[in-house]
Every structure is written in C-alpha cells, then in structure tokens.
There are 2 protein chains.
Amino acid sequence: MGISKTEHFTERQNELATLAKALGHPARIAIIDFLLKTESCICGDIVNELPLAQPTVSQHLKELKNAGIIKGSIEGNAICYCINEVTWNKFKAFLESLFETYNLKNNCC
Amino acid sequence: MGISKTEHFTERQNELATLAKALGHPARIAIIDFLLKTESCICGDIVNELPLAQPTVSQHLKELKNAGIIKGSIEGNAICYCINEVTWNKFKAFLESLFETYNLKNNCC
DNA sequence: ATATTATATCGTAATATTGCAATATACAAA
DNA sequence: TTTGTATATTGCAATATTACGATATAATAT
C-alpha cells in the first residue's frame, strides 16, 4: 500500500530504516558529503553545489532534517545547516554494531 | 517526478544511495538482522520471521538482492539467502570513510 | 519604501514503493 | 502422478517520492 507497517518492528529497526532511507538518494548523500567536507556548517551555498532546482534541494534538506540527520539555524538572510551530532553518532553506533556482527564465517552459499 | 537524476552525481554517491535506500525499510533491516544473527545463510525461514505476507517478504528480498546486499542460491526445495560479502564490505568501507570525516569540531550552529 | 537575495511552500505531474490476493513455478514426498 | 511445500510473479490499490514552476516569506541592501 505504500505505507510501511512500522508497528511490527523494533524501535531500533524503524529508526535505522528511517536514517537509511533519508540517505537513500544521491542528492542527500551529496549534501552530507559537502557538510562533512567543509568541516563546518553551510550557510547559503547548498543549492549552487547541486545539479537540482532550488525547491528540490530545499525538499531534500527538509527530509534530512526530518530524519534528524541535519539541523538548520537561521543566520540573518541565510540558513546554516550542519550535521546533527546526536543523530549522526546514533547512526554510527547502529552501523558499527551491525558491522561488528558480521564476519566471513557467515558464508555458506 | 519520482525519478532520481543519478547522472549528475558521482558513482560513489549513487552506489551509497542505492545501498542506503535498500536498507531504508524496517522489514529489510529485520532481514539483515536475522541473516547476521544466525551467522549463516537462511534456508527457508524468512517468511515466518516477519510480520508480512509471503509475497511482500519475497519482494523485500528481491530489493535487497537487486542492491547486491544479499545473494540467494537454490537448495532443492528452499532458497538460501546470505549476505553478499563483497557488497557488504563495500558498504562498510563507504560508511567508515564517512564517519572518519566527521569530528565534533564541525559544529557551529 | 523598494529591490535583491535566500529559502520555503504550494500545486501538480511523473514515477516509485508498499502490501497482498491470486496465481505460477519448481522441487520433494507419497 | 498427485499432493504438499517453498518461493516467485502478476496485478492492482493505496500511498510516497522526486522534480520543478510559481509563489510566498523574510531578511538585507539601496
């Protein structure tokens, strides 16, 4: 139906899926790349970095913000976006835990 | 338009987005969790583990397979699924690289 | 006050995703 | 060969996503 049955899964599974989904578009990866690369907040420079129209970029930023991956604060005329360290660290912890679980002995096919 | 303009992004950005998107559903996280937890391939036991109908599970498995995250092989009556270690390690490397870039000095908002 | 600049929101079209019943396929067991 | 079991595919309805032009909002500069 296009709507996920989130109530049947654990909170961790839902959270991790939400974060992964938010990163599931190249434009949003590019935004995160840029935020990480510049090593500071981005104040009014994202649209020029992406090959997409301004409303589209705004929408992608909104999705990253909804997932809690970035946060924005108004700086006069512009808006400064940066990584939300709380969510980012949570995401990192989720994944490190997943990666820890895996070792090559798993393979039997 | 519902169609991503992948041609404007780097191959890495597209690949990482594809992998993240494939993990962007709690059922698919649950499948991966189960594959990692059992520490071996799963031969005919996935549908019973998930609160979804068999065709829906089959579809999620297909998406994970399309993204290269899992692979399946026919074992008589059943099908054995397991993590595709090549893709998984690539995913891990992508993310470790992302996480390395980030440090708390980034924050200014 | 008016123009400029940066960003968000609205509206809409195209496409994708999610979910499942019904059905098909393919092997195994009787 | 028929029956059962496991999985995939098809078809469809509901919903979500992607993209962008038009427009709105809000601060800055003139």
Side-chain angles (χ1 to χ4, degrees), chain A residues 1-9 13-14 17-31 34-35 41-67 69-82 109, chain B residues 1-9 13-14 17-31 34-35 41-67 69-82 109:
Chain A
M1 296 180 184
I3 192 169
S4 299
K5 300 182 93 180
T6 54
E7 68 276 15
H8 297 302
F9 299 97
Q13 286 168 340
N14 284 319
T18 298
L19 294 173
K21 190 178 185 181
L23 295 175
H25 190 289
R28 297 196 287 267
I29 295 287
I31 290 169
F34 190 53
L35 275 170
C41 295
I42 299 176
C43 300
D45 210 16
I46 300 189
V47 171
N48 298 326
E49 288 294 320
L50 294 179
L52 295 169
Q54 180 268 324
T56 309
V57 174
S58 184
Q59 193 176 269
H60 283 305
L61 287 167
K62 192 177 174 184
E63 276 175 60
L64 285 170
K65 208 158 83 177
N66 284 343
I69 297 178
I70 64 172
K71 56 186 176 181
S73 61
I74 299 169
E75 295 288 326
N77 209 9
I79 294 187
C80 294
Y81 282 107
C82 47
C109 309
Chain B
M1 295 179 185
I3 192 169
S4 299
K5 301 182 90 177
T6 55
E7 68 275 16
H8 297 300
F9 298 98
Q13 286 168 340
N14 284 318
T18 298
L19 295 172
K21 190 176 182 180
L23 295 175
H25 191 289
R28 297 196 287 267
I29 295 288
I31 290 169
F34 190 53
L35 275 170
C41 295
I42 299 177
C43 300
D45 210 16
I46 300 189
V47 171
N48 298 327
E49 289 292 321
L50 293 180
L52 295 169
Q54 180 268 324
T56 309
V57 175
S58 184
Q59 191 178 273
H60 284 306
L61 287 167
K62 193 178 176 184
E63 276 173 62
L64 285 169
K65 208 158 84 179
N66 284 344
I69 297 178
I70 65 173
K71 56 187 178 180
S73 63
I74 299 168
E75 295 289 326
N77 208 9
I79 295 188
C80 294
Y81 282 108
C82 49
C109 308

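Lettering follows sequence order; numbering is per chain, from 1. Note that these values count all heavy atoms, side chains included, but never hydrogens, waters or copies made by symmetry.
- Of the candidate nucleotides D/dA22, C/dG19, C/dA28, D/dA22 has the atom lying nearest to any side-chain atom of A/P55.
- Among the atoms of the strands shown, only primed sugar atoms or phosphate atoms (P, OP1, OP2) are found under 4.0 Å from some heavy atom of A/E63.
- Between the CG atom of B/L61 and the C1' atom of D/dT9 there is a distance of 14 Å, given to the nearest Å.
- If you measure from atom CD of A/E75 to atom P of D/dT28, you get 11 Å, rounded to the nearest angstrom.
- At the heavy-atom level, B/S58 lies under 4.0 Å from base atoms of the strands shown.
- Annotation: side chain of B/R28 is not in contact with side chain of B/I69 (no heavy-atom distance under 4.5 Å).
- Contact check for A/I29 versus B/F9: no side-chain heavy atoms found under the 4.5 Å cut-off.
- Nearest to the side-chain atoms of B/H25 among the listed nucleotides D/dA8, C/dG19, C/dA6 stands C/dG19.
- As judged by a 4.0 angstrom heavy-atom cut-off over every strand, A/K65 is placed among residues making no nucleic acid contact.
- Heavy-atom minimum distance, A/A22 versus A/E63: CB-O, 4.4 Å.
- Rounded to whole Å, the distance from CZ on B/R28 to P on C/dG19 is 9 Å.
- Side-chain atoms of B/S58 never come within 3.5 Å of backbone atoms of B/Q54 as a donor-acceptor pair (strictly under, hydrogens ignored).
- Comparing C/dG19, C/dT7, D/dA8 by their nearest atom to the side chain of A/A78 picks out C/dT7.
- Along DNA chain C, the nucleotide nearest B/G76 and the nucleotide nearest A/K62 are compared for position; the residue whose nucleotide lies closer to the 5' end is A/K62.
- Spacing between atom CG of A/L50 and atom C1' of C/dT7 amounts to 14 Å, rounded to whole angstrom units.
- Each of B/Q59 and B/V47 was assigned the nucleotide of DNA chain D with the nearest heavy atom; the assignment lying further toward the 5' end belongs to B/V47.
- Ranking D/dT5, D/dA19, C/dA6 by closeness to the B/N77 side chain, first place goes to D/dT5.
- Distance CD1 (B/I74) to P (C/dT25): 15 Å, rounded to an integer number of Å.
- Of the listed nucleotides (C/dC20, D/dA16, D/dC20), C/dC20 has the atom at the smallest distance from the side chain of A/K5.
- Counting distance only, with no hydrogens placed and no angle test, the side-chain atoms of A/Q54 and the base atoms of C/dA8 include a donor-acceptor pair under 3.5 Å.
- Sulfur-sulfur distance for B/C43 and B/C80: below 2.5 Å, consistent with a disulfide.
- Straight-line distance from the CG atom of B/N66 to the C1' atom of D/dT9: 14 Å, rounded to whole Å.
- Spacing between atom CD1 of A/I79 and atom P of D/dA24 amounts to 19 Å, rounded to whole angstrom units.
- Checking C/dT17, D/dT17, C/dT15 against every side-chain atom of A/K21, the shortest atom distance belongs to D/dT17.
- Here A/Y81 reaches the OP1 or OP2 of C/dA8: one of its side-chain N or O atoms lies under 4.0 Å away.
- With rounding to whole Å, A/I3 atom CD1 is found 15 Å from C/dC20 atom C1'.
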